Amino acid sequence: VSSAVAAPKGLLRVNSTLGFGRSQVAPLISRFVREYPQVEVQLQLSVNPPALSDDSFDVCIRFGEPPDARVMARRIASNRRLLVAAPAYLKRHGSPALPRDLVQHNCIGIRQGDEAYGTWRLSSGKRTEAVKVRGNLSTSDGEIAVNWALAGHGIVMRAEWDVARYLRSGRLRHVLENFQTPPADIHAVYPQRHQVSARVRVFVNYLADHFEKSSTRAAGLVVDW
């Protein structure tokens, strides 16, 4: 037990969403195991995070609020969900001025997590409006949804990290900028029994340090992840 606490080694099972896991977590794991070669990492990618009762992970990278007090959670990065669309789509159909205008638009659906599918919540001040949106395209893969938006098919709600480069390049534009969508901060979640595990503690610190440095380097509208 004392050796497990003192040195990071052994099997570490990491779960993440598909897109974020591929583009962000996997490269970090590559660098992590070079620094800690005694840690064996298994990366599991899934559309939805595993249930807390599922003993298939040691660390789960989740978007949004931690599920409940039965797990330890550390916020490793701030993040927002943004509504975006291609300039070509907005030129043809116009830009919505208010949340209720979304019902007149083709909205690309993403079936992920436990949130009510097809309902987008936007806030201004203390008022939150739930809009039931519709469209002729939906998917469980966020990357596909973003590609459809890039092709001009409609408006999509997607995490900031996933669309930052397209906003910078102008291939996508921010829609309804004065309204806030639900928070999507990124947390590293792990069972309470793992809080004394060196490999879990060191890995979570490694993630947090990386995103803190990335956030510090970022400038402008979006974080450069």
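The figures here come from the full heavy-atom set of this structure, side chains too, leaving out hydrogens, waters and symmetry mates. Given the structure is predicted, the values throughout are model-derived calculations rather than measurements.
With contacts defined as side-chain heavy-atom distances shorter than 4.5 Å, the pair Phe57/Val14 does not qualify. Side-chain contact between Arg81 and Pro182 is present, with at least one heavy-atom pair separated by less than 4.5 Å. The shortest distance between side-chain heavy atoms of Leu176 and Leu122 falls below 4.5 Å. At least one side-chain heavy atom of Asp141 sits under 4.5 Å from a side-chain heavy atom of Leu18. Residues Phe211 and Ser78 are not in side-chain contact: their nearest non-hydrogen atoms beyond the backbone lie 4.5 Å or more apart. Side-chain atoms of Leu98 and Phe179, non-hydrogen and from C-beta on, do get closer than 4.5 Å to each other. Residues Ser23 and Trp161 have side chains in contact (heavy-atom distance under 4.5 Å, counting atoms from C-beta outward). Using a 4.5 Å heavy-atom cutoff, the side chains of Met157 and Ile110 are not in contact.
Taking OG1 of Thr119 as the start and CD of Glu129 as the end, the distance is 12.0 Å to the nearest 0.5 Å. We find the CD1-CG distance between Ile108 and Asn136 to be 8.5 Å, quoted to the nearest 0.5 Å. Atom CD of Gln24 and atom CD1 of Ile61 lie 11.5 Å apart (nearest 0.5 Å). For the atom pair CG of Asp185 and CG of Asn79, the computed distance is 7.0 Å after rounding to the nearest 0.5 Å. Taking CD of Gln42 as the reference point, atom CD of Gln44 lies at 6.5 Å (rounded to 0.5 Å). Interatomic distance, CD of Glu40 versus CZ of Arg199, reported as 10.0 Å (0.5 Å rounding).
Here the side chain of Arg121 pairs no donor or acceptor atom with the backbone of Ala130 at under 3.5 angstrom.
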Practice problem: List the steps and the verdict of side-chain contact (heavy atoms from CB on, under 4.5 Å) for Asp101 and Val131. | Solution: CA-CA 9 Å; Asp101 296 339; Val131 182; over 6 Å; no
Self-check item: Residue pair Ser46, Asn15: steps toward the side-chain hydrogen bond (donor to acceptor under 3.5 Å, both in side chains) verdict
Solution: CA-CA 7 Å; Ser46 59; Asn15 178 276; 3.2 Å; yes
Quiz prompt | Gln180/Thr128 under side-chain contact (heavy atoms from CB on, under 4.5 Å): CA gap, chis, key distance, verdict | solution = CA-CA 9 Å; Gln180 289 75 49; Thr128 298; over 6 Å; no
Exercise. Kindly determine whether Leu172 and Leu150 satisfy side-chain contact (heavy atoms from CB on, under 4.5 Å), including the steps that lead there.
Key: CA-CA 7 Å; Leu172 291 175; Leu150 289 167; 3.6 Å; yes
Quiz item: What do the steps show when you test Arg22 against Glu143 for salt bridge (charged side-chain N to carboxylate O under 4.0 Å, His left out), and what is the final call?
Solution: CA-CA 11 Å; Arg22 291 192 194 104; Glu143 183 178 351; 3.7 Å; yes
Practice problem: Start with the C-alpha gap between Leu102 and Trp120, add the side-chain angles, then the distance that decides, and say whether side-chain contact (heavy atoms from CB on, under 4.5 Å) holds. | Solution: CA-CA 9 Å; Leu102 290 169; Trp120 291 357; 3.9 Å; yes
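Of all heavy-atom pairs spanning Ala86 and Ala149, the tightest one is CB-O, 3.2 Å. For the residue pair Ala85 and Gly154, the shortest heavy atom distance occurs at CB-O, 3.7 Å. The two atoms that bring Tyr190 and Ala188 nearest to each other are CD2-O, 4.0 Å, heavy atoms only. When all heavy atoms of Val156 and Ala145 are compared, the closest pair comes out as CG2-CB, 4.0 Å. Scanning all heavy atoms of the two residues, the minimum distance from Gly152 to Arg92 falls at O-NH2, 2.7 Å. Between Thr17 and Leu45, the shortest heavy-atom distance links the atoms O-CD2, 3.7 Å.
Put simply, Val204 and Phe32 are part of the same group of oily side chains (I, L, V, M, F, W, Y) that touch within less than 4.5 Å, one to the next. Using a 4.5 Å cut-off between side-chain heavy atoms of Ile, Leu, Val, Met, Phe, Trp and Tyr, with links allowed through other members, Phe20 and Leu12 fall into the same hydrophobic cluster. Under the 4.5 Å side-chain heavy-atom criterion for Ile, Leu, Val, Met, Phe, Trp and Tyr, Val146 and Trp148 are members of the same hydrophobic cluster. Side-chain heavy atoms closer than 4.5 Å link hydrophobic residues (I, L, V, M, F, W, Y) into clusters, and following such links, possibly through other members, connects Val133 to Leu83. By the rule that hydrophobic residues join a cluster once side-chain heavy atoms approach within less than 4.5 Å of another member, Val59 and Tyr36 end up as members of one cluster.
Side-chain contact check for Asn178 and Ser124: no donor-acceptor pair (N or O, by modelled atom type) lies under 3.5 Å. Counted by atom type alone, Arg134 and Asn106 present zero donor-acceptor pairs between their side chains at under 3.5 Å.
Ring centers of Phe63 and His187: at least 6.0 Å apart, outside the cut-off. For Tyr206 and His210, the distance between ring centers is not under 6.0 angstrom.
For Arg31, the CZ atom is densely surrounded, since the number of other residues' heavy atoms within 6.0 Å is greater than 12. Open room surrounds CZ on Arg34; 12 or fewer heavy atoms of other groups in view lie less than 6.0 Å from it.
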